[in-house]
Amino acid sequence: MFMTSWIKEGAIVLAYNGVEHYEFKAIEQKWQSIWERENAYKVQNRSEKPNYYVLEMFPYPSGALHMGHIRNYAIGDVVARLKTMNGYNVLHPMGWDAFGLPAENAAIQRGIHPVEWTRQNVTNMREQQKRLGLSYDWERELTTCSPDYYKWTQWMFLLMYNRGLAYKKTAPVNWCPTCQTVLANEQVSEGGCWRCGTPAIEKDLEQWFFRTTGYVDRLLQDLELLEGWPERVRSMQEHWIGKSEGTEVTFALPGQEKGITVFTTRSDTLYGVSFMVLAAEHPLVAELAKISPRKEEILDFAQKCHRESEIDRTAAETEKEGMFLDAYCINPLNGGRIPIWVANYVLMEYGTGAVMGVPAHDQRDFEFARKYDLDIRVVISPPDQELSAEGMTEAYVKPGVLVNSGPFNGLSNIEGQKKIDAFLKEQGHGVPSVTYRLKDWLVSRQRYWGAPIPIVYCPHCGIMPVPETELPVLLPEHIAFDPGLLSPLAHVPEFVNTICPQCGRAAKRETDTMDTFICSSWYYLRYCDPNNKHMPFSKDAAAAWMPVDQYIGGVEHAVMHLLYSRFFTKVLHDAGWVKVVEPFTNLLTQGMVIKDGHKMSKSIGNVVDPEEIISRYGADTARLFILFASPPDKDLEWSDQGVEGSWRFLNRVWRLIQSQRHLFSTDGGIQGKLGRAERELYRKLHGTIKKVTEDIEARFSLNTAIAAIMELINETYHYLDNVPSEKHHEALLKETMEKTLLLLAPFAPHITAELWEQIGNTDSIHKQRWPQWDESALKAEQLTIVVQVNGKVRDRLVVLADSAEEEVQELALQAPKIQPLLVDKKVARIINVPGRLVNIVVSD
RNA sequence: GCCGGAGUGGCGGAAAUGGCAGACGCAAGGGACUUAAAAUCCCUCGGGUGGUUAACGCCCGUACCGGUUCGAUUCCGGUCUCCGGCACCA
C-alpha cells in the first residue's frame with residue numbers, strides 16, 4: 001500500500017511499504033495524457049523530412065496483451081522513437097487482426113457474439129497499449145472485422161478473381177460426422193473432434209484457391225532482393241517453395257493409351273526401377289481397382305491412406321504400407337515390366353502423384369521394397385566398392401558410376417543423367433520439368449467470423465463476382481452458432497438468397513468466408529491511407545510509405561504470413577497499385593518469451609501477466625527489462641527477479657538527476673582543458689553514444705545498448721563519488737546527464753520526458769535530435785596489451801596508445817613474467833596484433 | 001520425417017571481422033549506514049589446485065568428439081539435446 005508521500009529535494013518521492021522510489025504511476029499517466037491530448041504521434045503522408053515506416057505485426061485480439069506482444073511493441077517503439085530523433089517522418093501504426101476462430105469458439109462456448117467478444121478485447125488491449133506509452137498514430141488504427149476494412153479485403157478477392165488468380169476446385173477438409181461440421185486442424189485433437197471426440201474424417205469440398213503457384217518463380221527469385229531479412233527466414237521460404245528440377249518420365253500401360261507419368265530428379269537411376277507407386281488419390285488407382293479381383297480391398301486401403309494426415313504420411317518413422325494393384329507398366333528405357341502399387345507415402349499434391357520406385361538408391365523406396373519383398377537393382381556403383389542388393393542395409397544415394405544400365409554403363413551418374421534425359425526426349429518418353437513444393441493457397445473457410453467471399457451463384461449466369469459498387473457483402477449479425485452442416489452463413493436465408501448481378505434473377509451467395517491470412521496480407525498498405533472511402537488505398541499514399549522499412553514480429557510467421565504478403569504485393573504491383581515488388585525491406589523476427597523452459601501459455605500455466613509488472617513497476621521498467629534480458633531475435637527467459645534490476649536502474653537514473661538538479665540552472669558548455677578524470681568521463685560519454693547508436697542501428701542489439709547506458713550511469717556516479725564536489729566539472733556533468741537522458745529516451749519514454757522537463761526544457765525530449773559522438777574523444781590514451789606465449793596469456797602491459805610496434809614487442813620480451821618462460825627456448829616467431837596482443841611462439 | 005534455429009558461471013546474457021572468456025544485470029555471501037528492518041552504498045563471486053587463511057601463481061573450462069591455426073565460444077567435419085514452422089490457431 002502507498003503510505004506517505006512528501007517533498008524531498010524538490011521532487012515528489014513516494015513510499016511503497018516505506019521504500020522510496022520515483023513516482024512512476026503519476027509520471028506515466030501524466031505523459032500519456034499529454035501525448036494523447038497533443039496527438040503527439042500523428043503523422044502526415046507528406047513532410048519535408050524523409051519518410052520512414054516501422055511496423056509491428058498487428059495482434060489478434062485474444063483478450064489481453066501477453067509478454068510476446070510487449071516485446072514486439074517495445075522493440076518497434078525504440079525504432080520509431082530513434083528514427084524520429086534522427087529526423088525522419090515516422091509512420092508507426094497499430095491495428096487488429098480481428099477475424100478468426102477464437103471469436104467463434106467464444107460464441108459457441110460462452111454464448112457471446114463474436115462482434116461483442118472482439119470489441120471488448122480490442123478495447124481492453126488498446127488500453128493496455130496506451131499504458132505502455134507506445135508512439136502510435138491512433139488515427140490510423142484499423143480493424144479487419146470492420147466493414148470499412150473488409151470491404152477492401154473483398155475488393156482484393158475480386159482483384160484476384162478478375163486476374164485469373166482465384167479459382168475453385170475440390171479439396172479435402174477435416175470433417176466431424178457427428179457434428180456435421182468442418183474442423184480446423186486445431187479443432188482436431190488426437191485425430192478426433194474437439195467437441196465430441198468422434199474420429200475426424202477427410203471429406204472433399206469445392207473450395208476457393210489463390211494461384212500462388214502462378215507467382216512461384218518471382219517469389220523465389222526476389223528472395224535475393226531481401227538483404228535486410230534474416231538468412232534463416234529467406235532459407236525457410238526457399239525450402240517452402242521447394243523448387244526442384246528434374247524430368248517427367250512416362251511409363252506406358254499395356255493396352256491403354258495413357259501411361260503413368262512420374263516426376264523424378266533421379267532419371268539416372270531409371271534402370272533401377274523395380275516398382276511404381278501411386279498416391280491413394282491418383283485417378284488410376286480407382287480405374288485399375290475396377291479391373292482387379294481385389295477391388296474392394298484396394299479401395300478400402302486407398303480410403304484409409306487418404307485419411308492419414310500429410311505429416312504422418314511423409315514421416316520416415318511411419319510404417320510404409322502399400323498394396324499391389326494387379327497391374328504393370330513398362331520401363332521406357334528397357335521395356336521391363338514394372339508392377340504398380342498404391343502406397344501411403346506418396347502424395348497426390350506433389351509432382352504427379354506417382355513415384356518410380358528405385359529401392360537401391362532411395363531410402364523410402366528401399367524400406368518399401370524390403371517390406372514387400374520387391375526387387376532391388378543396383379544401378380549406381382560407389383567409386384570405391386562393389387554394391388550387392390542382398391548386402392545392402394540402406395539405399396545408396398551418393399554419386400557413382402552407372403552399372404546395369406545398358407548403353408549408359410560406365411558413365412558418371414551426372415553425365416549418365418544428361419544422356420538418359422536426352423534419350424528420353426528423343427524417344428518421346430520424357431521432358432525436362434520443374435516441380436515446386438508450394439501449393440496454391442486454399443482460402444475458403446466454412447466459418448462465420450471472416451470476410452464473406454463476394455461471389456454469387458446464378459443458375460443462369462454461373463459464378464458471378466459481386467460488383468465493386470455493392471461491396472461490402474456484410475456479415476449478417478443474427479446467426480445461430482451451433483448449426484452443423486457447412487458454413488454457418490448457409491443457414492441465414494436472407495444472406496444466402498440474393499439476385500444475380502448480371503441477369504437480376506434469383507441467385508445464391510457464396511457462404512464461405514476468407515482465410516484471415518488474406519486480411520493480414522495487405523493491412524500494411526491500408527495504414528498508408530486508412531480512411532479512404534473510395535479505394536483500398538491511394539497510389540500516392542502507398543508510394544509515400546512503401547515499402548515498410550522495418551517489419552517486426554514473431555519468427556512463427558517466417559513462412560506463411562510473409563509469403564502471402566509478398567504474393568499480394570506482387571499482384572498489386574502487376575495491377576498497377578504499388579510500385580514496389582516486395583513489401584518489407586528489413587525484417588526482424590523476434591524470439592519467443594519463455595518461462596521455466598516453455599513458451600508462456602495458458603495451458604502450461606506459466607504465464608506472467610504484463611499488467612502485474614506494469615502496475616508494480618511501471619511501463620518504463622517493463623519495456624526496459626524485456627529489451628535488456630535478451631537480444632531481440634533470440635528467445636527470452638522471463639525472470640521476475642530480473643525486472644527488479646531494471647527498476648533499480650531507473651531509480652538510480654532518477655536519483656542521479658535529482659541530486660544534480662542545481663547544475664541545470666547554469667549555462668555554458670565545456671571549455672578549456674579537461675583533467676584526467678574529466679577526460680575519462682568525456683570519453684565514456686562519447687564512446688557510449690557511439691555504441692548505443694551502432695548497437696541499435698547496425699545490429700539491433702538493444703540489450704547491449706541498454707547495458708552501455710547502465711555503464712555510463714555507473715561511471716557518472718564514480719566520478720561524483722571520487723572527485724570532491726567543489727571540483728566537479730559542472731558543464732561536463734550537465735552534458736553527460738542530458739545526453740544520457742536522450743540515449744535512454746527511446747527505451748523509457750516516460751521517465752526521460754519527466755526528467756527532461758524537470759531540468760528546465762520546455763520542448764519534449766522525444767522531439768530532440770539524437771546525440772552525435774565526438775570521434776576525437778574516443779581514442780584511449782593508454783592501451784592494455786596482452787602478452788601470450790604459445791597462445792597462452794602470461795602477462796599484460798599498459799602502454800601509451802601511440803607506442804611503436806617494435807617497442808611494444810621489445811617490452812613484451814623483456815617483461816619479468818615473460819623472461820623465465822623464454823629460458824632455454826628458441827623464439828620461433830612473434831605475432832603482433834597492433835593495439836591488442838603480442839604472441840611469442842617458442843620451441844625447445 | 002522435412003525445413004529452420006539454439007546450446008557459454010547458480011541464472012538472463014557479453015565477447016563486429018578468429019586475439020584478455022564471463023561486459024551489463026539477477027541471485028548468493030560479506031561489510032557500511034540504521035535501535036531494527038527496508039532502501040541505498042562498498043567488496044567478493046566459473047571449477048580445481050599450490051601458497052602463510054596473503055600477495056600471487058598453475059591447471060581445467062564456452063553441449064560432446066575430432067580437425068584447421070601461433071591462437072577457436074567464433075571456422076570445418078561428425079554426434080547429442082532442446083526449441084520453432086509444416087499449409088483450417090494466428
Side-chain angles (χ1 to χ4, degrees), chain A residues 15-21 57 59-60 62 97 99-102 105 173-174 182-188 230-233 235-236 238-240 242 310-318 349 364 437-447 515-517 520 554-561 563-564 591-592 594 597-599 625 628-631 633-646 648-649 651-652 655 694 698-699 701 703-704 706-711 714 717 721 784-793 796 817 828-831 833 836-837 839-842:
Chain A
Y16 176 78
N17 286 342
V19 178
E20 287 179 24
H21 61 70
M57 288 179 184
Y60 180 78
S62 53
D97 187 14
F99 274 135
L101 198 55
N105 291 344
V173 293
N174 297 311
V182 176
L183 299 172
N185 284 347
E186 198 190 50
Q187 293 173 322
V188 180
E231 192 49 51
R232 60 169 162 158
V233 175
S235 164
M236 280 161 94
E238 191 183 328
H239 284 109
W240 183 265
E310 186 179 317
I311 291 178
D312 288 344
R313 282 168 69 173
T314 51
E317 73 263 26
T318 302
E349 285 78 25
R364 285 173 309 179
R437 214 180 67 94
L438 182 78
K439 300 186 270 193
D440 278 340
W441 176 9
L442 197 171
V443 298
S444 300
R445 297 293 181 269
Q446 291 70 44
R447 312 208 172 271
D515 180 3
T516 57
F517 271 113
S520 58
V555 68
E556 66 273 20
H557 295 291
V559 176
M560 295 172 57
H561 162 62
L563 195 72
Y564 295 149
M592 292 179 306
I594 305 287
H598 301 279
K599 181 177 179 169
F625 173 68
F628 176 63
S630 186
D633 60 331
K634 298 275 158 48
D635 287 351
L636 182 155
E637 174 75 32
W638 182 263
S639 150
D640 288 330
Q641 286 158 333
V643 183
E644 288 275 348
S646 297
R648 284 203 283 258
F649 168 69
N651 277 287
R652 224 162 121 74
R655 285 194 308 270
E694 292 179 349
R699 284 186 284 285
S701 184
N703 54 331
T704 53
I706 294 168
I709 302 173
M710 289 174 168
E711 285 186 57
N714 292 345
Y717 269 109
D721 290 345
T784 303
I785 305 290
V786 169
V787 184
Q788 298 180 335
V789 175
N790 286 346
K792 287 198 151 91
V793 180
R796 293 176 178 83
K817 282 186 190 163
R829 74 198 252 220
I830 298 178
I831 312 265
V833 183
R836 280 215 150 132
L837 107 173
N839 184 15
I840 303 165
V841 185
V842 300

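Note on naming: letters A, B, ... go to the chains in the order of the sequence lines (proteins, then strands), and numbering restarts at 1 for each one. Because only heavy atoms are used, hydrogens play no part in the values below, and waters and symmetry mates are left out as well, while side chains stay in.
The only option from D515(A), V182(A), V173(A) that meets the side-chain contact (heavy atoms from CB on, under 4.5 Å) definition with R445(A) turns out to be D515(A).
Distance, K634(A) NZ to rG4(B) C1': 14 Å, rounded to whole Å. A straight line from CE of M710(A) to P of rA14(B) spans 14 Å, rounded to a whole angstrom. Rounded to whole angstrom, the span from the CZ atom of F517(A) across to the P atom of rC88(B) amounts to 8 Å. Straight-line distance from the CE atom of M57(A) to the C1' atom of rC89(B): 15 Å, rounded to whole Å. The nearest whole Å value for the distance from the OH atom in Y564(A) to the P atom in rG85(B) is 15 Å. Taking atom CG of residue N174(A) and atom C1' of nucleotide rC89(B), one finds them 13 Å apart after rounding to whole Å. Distance CG (L636(A)) to C1' (rC11(B)): 13 Å, rounded to an integer number of Å. In this structure, CG of D633(A) is placed 15 Å from C1' of rG7(B), rounded to the nearest angstrom.
With sequence neighbours left out, E556(A) forms a salt bridge (Lys or Arg N to Asp or Glu O under 4.0 Å) with no residue at all. Every residue meeting the salt bridge (Lys or Arg N to Asp or Glu O under 4.0 Å) condition with R699(A), not counting sequence neighbours, appears here in chain and number order: D695(A). Residues meeting the salt bridge (Lys or Arg N to Asp or Glu O under 4.0 Å) test with E694(A), sequence neighbours left out: K690(A).
Between rA14(B) and N703(A), a contact under 4.0 Å exists linking OP1 or OP2 to a side-chain N or O. OP1 and OP2 of rA23(B) both lie 4.0 Å or more from every side-chain N or O belonging to N714(A). One finds no side-chain N or O of S639(A) lying less than 4.0 angstrom from the OP1 or OP2 phosphate oxygen of rC11(B).
Heavy atoms of H557(A) sit under 4.0 angstrom from at least one base atom. Among the protein residues, R796(A) comes within range of the nucleic acid bases, having at least one heavy atom under 4.0 Å from a base atom. Contacts of A558(A) with the nucleic acid, taken as non-hydrogen atoms under 4.0 Å apart, are absent. Residue-level contact check: W441(A) touches neither bases nor backbone, having no heavy atom under 4.0 Å from any strand. Residue-level contact check: S646(A) touches neither bases nor backbone, having no heavy atom under 4.0 Å from any strand. Using a 4.0 Å heavy-atom cutoff across all strands shown, V173(A) reaches at least one base atom of the nucleic acid.
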Distances for protein N or O near nucleotides 67-70 of chain B N or O, under 3.5 Å:
residue, atom, partner, partner atom, Å
rC70(B), OP1, R829(A), NH1, 3.2
rC70(B), O2, N839(A), ND2, 2.3

Output one line per pair: protein atom, nucleotide atom from nucleotides 55-58 of chain B, and distance, for all N/O pairs under 3.5 Å.
residue, atom, partner, partner atom, Å
rG57(B), OP1, K817(A), NZ, 2.6
rC58(B), OP1, R794(A), NH1, 3.3

*Determine, step by step, whether R232(A) and D633(A) satisfy the side chain to side chain contact (heavy atoms under 4.5 Å, CB included) criterion, reporting the C-alpha distance in whole Å, the side-chain angles of both residues, the deciding distance to 0.1 Å, and the verdict.*
CA-CA 11 Å; R232(A) 60 169 162 158; D633(A) 60 331; 4.2 Å; yes
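Taking the P atom of each, rA54(B) and rC42(B) are spaced 25 Å apart, rounded to whole Å. With both ends at atom C1', the span from rU62(B) to rG4(B) equals 23 Å, rounded to whole Å. Nucleotides rC65(B) and rG1(B), compared at atom C1', are 26 Å apart to the nearest Å. Across rC33(B) and rA39(B), the matching C1' atoms stand 11 Å from one another, rounded to whole Å. Look at the P atom in both rU69(B) and rC76(B): the space between them is 16 Å, to the nearest Å. rC70(B) and rC3(B): their C1' atoms are spaced 40 Å apart (whole Å). Comparing the C1' positions of rA38(B) and rU49(B) gives a spacing of 41 Å, expressed to the nearest Å. One C1' atom belongs to rU73(B), the other to rG46(B), and the distance between them is 15 Å to the nearest Å.
Taking the side chain of R447(A) as heavy atoms from C-beta on, and the options rG84(B), rG19(B), rC88(B), the nearest nucleotide is rC88(B). Closest to the side chain of K439(A), from the set rC88(B), rG13(B), rA87(B), is rA87(B). Closest to the P631(A) side chain, of the nucleotides rC88(B), rG13(B), rC24(B), is rG13(B). Listed nucleotides rC41(B), rC88(B), rG84(B) differ in distance to M236(A); the shortest reach to its side chain belongs to rG84(B). For F628(A), whose side chain is taken as the heavy atoms from C-beta onward, the closest listed nucleotide among rG19(B), rC24(B), rA87(B) is rC24(B). Residue K792(A) has its side chain nearest to rC60(B) when only rC3(B), rA90(B), rC60(B) are considered. Counting only heavy atoms from C-beta on, R232(A) has its side chain closest to rG5(B) among rG25(B), rG5(B), rU40(B). When distances run from any side-chain atom of V182(A) to the nucleotides rA14(B), rC88(B), rG19(B), the shortest one goes to rC88(B). Checked against rA90(B), rU17(B), rA87(B), the side chain of W240(A) finds its nearest nucleotide in rA87(B). Here the nucleotide nearest the side chain of D635(A), chosen from rC83(B), rG13(B), rG19(B), is rC83(B).
Heavy atoms of other residues, nucleotides or ligands lying less than 6.0 angstrom from CZ of R836(A) number 12 at most.
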*Dot-bracket for RNA chain B, please, read 5' to 3', with Watson-Crick or G-U wobble pairs under 3.5 Å on both distances, ( ) within the strand, [ ] crossing, | other strand, . unpaired.*
(((((((..(((......[....))).(((((.......))))).(((((.....)))))..(((((..]....))))))))))))....
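Taking the six-membered ring for Trp and thresholds of 30 and 60 degrees, F625(A) and W638(A) have ring planes more than 60 degrees apart, a perpendicular arrangement.
Without hydrogens or angle criteria, Y564(A) side chain to W441(A) main chain gives no donor-acceptor distance under 3.5 Å. D635(A) places a side-chain N or O within donor-acceptor distance of the main-chain N or O of M592(A), the cut-off being under 3.5 Å.
For Q446(A) against rC88(B), a side-chain N or O and a base N or O form a donor-acceptor pair under 3.5 Å.
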